[in-house]
Asks: 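Let me give you the structure first, and then I'll get to my questions.
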2 protein chains.
Amino acid sequence: MTSQMKETFGEYIRLLRTEKGLTLTQLAAQLDLDSANLSKIENGKRDFDEKRLDRLAMVFELNPKELHNEYISDRLAKQIYEMNCSTEILKVAEEKAEYRRTLKK
Amino acid sequence: MTSQMKETFGEYIRLLRTEKGLTLTQLAAQLDLDSANLSKIENGKRDFDEKRLDRLAMVFELNPKELHNEYISDRLAKQIYEMNCSTEILKVAEEKAEYRRTLKK
DNA sequence: ATTTGACTTGTCAAAGTTTGACAAATTTAT
DNA sequence: ATAAATTTGTCAAACTTTGACAAGTCAAAT
């Protein structure tokens, strides 16, 4: 794993977009999205829909697998943040996830 | 934190219920729920709704705060399990959650 | 072997949530 | 001052989850 990204996923998209000198409208078109909604995504007011991840990887020539990892870690981070989860509880959650894995094998 | 619970939240409810010798119908009534739905909850086919947590704590005389911790760690565990998250990605998620905390202060 | 009680499963409408689209407002750059 | 870029508000459509009830299995008791 090579991820060093500290931003939210929305901030990351904004970074990629501005680096490439694209406007919201231009990128939105490539992602089959309304520019207003892309704005909300970049500002963390809406979530990026997973179904557009592959398209996003294409546009910015990113490794789809790594981008997916960024995506899911961001979604999890959002949950952790919203639930106001201590590190202690996170550890318990991790153990419980492991337990679920043993169940469904 | 004293949690040592390794079960899913549904399994935990079943444990509490059977220990107390209650039927699905009896407990469901106390939680203002249909016994069929409680059955699904205990079997992991539906989620327990957060709005009934306090009631659940009362019925079994549990510490509401601790029960809430069990609840959120279970929900997070479910996510982690469903997303097929490696420990590595979890660590990244934790850092990203921390980043979100710095943002909203 | 039938009845009874406990539990499980399927279905579906209602309630709740998220998304897409468009209009309008604000900000930024020229 | 104008135009382009971005942000915000709103609302219906799409999607997801929940509650309720009917019908099912299963085991124990009679």
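Just so it is clear, the model here is predicted, and its values are computed rather than measured. Below, chains carry the letters A, B, ... as their sequence lines are ordered, and counting in each starts from 1.
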Asks: Could you give the distance from CG (A:D47) to NZ (A:K78), rounded to the nearest 0.5 Å?
Replies: 3.5 Å

Asks: Just compare D:dT18, D:dT7, D:dG19 and give me whichever is closest to any side-chain atom of A:L24.
Replies: D:dT7

Asks: Between B:R46 and B:E42, just flag the one whose closest nucleotide in DNA chain C comes earlier from the 5' side.
Replies: B:E42

Asks: Under 4.0 Å between a side-chain N or O of A:K45 and OP1 or OP2 of D:dT8?
Replies: yes

Asks: Under a 4.0 Å threshold between the charged nitrogen and the carboxylate oxygen, would A:K91 count as salt-bridged to A:E94?
Replies: no

Asks: Have a look at B:S39 and say if it touches a base, only the backbone sugar-phosphate, or nothing, with a 4.0 Å heavy-atom cut-off.
Replies: base

Asks: Calculate the interatomic distance between A:L31 atom CG and C:dT19 atom P; express it in whole Å.
Replies: 15 Å

Asks: Quickly work out the A:N37 CG to D:dA14 C1' distance and round it to whole Å.
Replies: 14 Å

Asks: To the nearest Å, how far apart are A:E50 CD and C:dT19 P?
Replies: 11 Å

Asks: Looking for any heavy atom pair under 4.0 Å, which part of the strands does A:K40 touch: base, sugar-phosphate only, or nothing?
Replies: base

Asks: Considering non-hydrogen atoms only, spot the tightest contact between B:T8 and A:Y99 and give its length.
Replies: N-CE2, 3.7 Å

Asks: To the nearest angstrom, how far is A:I41 atom CD1 from C:dT19 atom C1'?
Replies: 9 Å

Asks: How do B:Q26 and B:A36 order along DNA chain C: which one's closest nucleotide is nearer the 5' end?
Replies: B:Q26

Asks: Once you round to the nearest 0.5 Å, how far does CZ of A:R17 lie from OG1 of A:T23?
Replies: 7.0 Å

Asks: Looking only at the side chain of A:D34 (C-beta and beyond, no hydrogens), which of the listed nucleotides C:dC22, D:dG19, D:dT7 gets closest?
Replies: C:dC22

Asks: Between A:L38 (CG) and D:dT6 (P), how many Å, whole number?
Replies: 9 Å

Asks: Look at the side chain of A:S35 and decide which nucleotide, out of C:dT8, C:dG20, D:dT6, has an atom nearest to it.
Replies: D:dT6

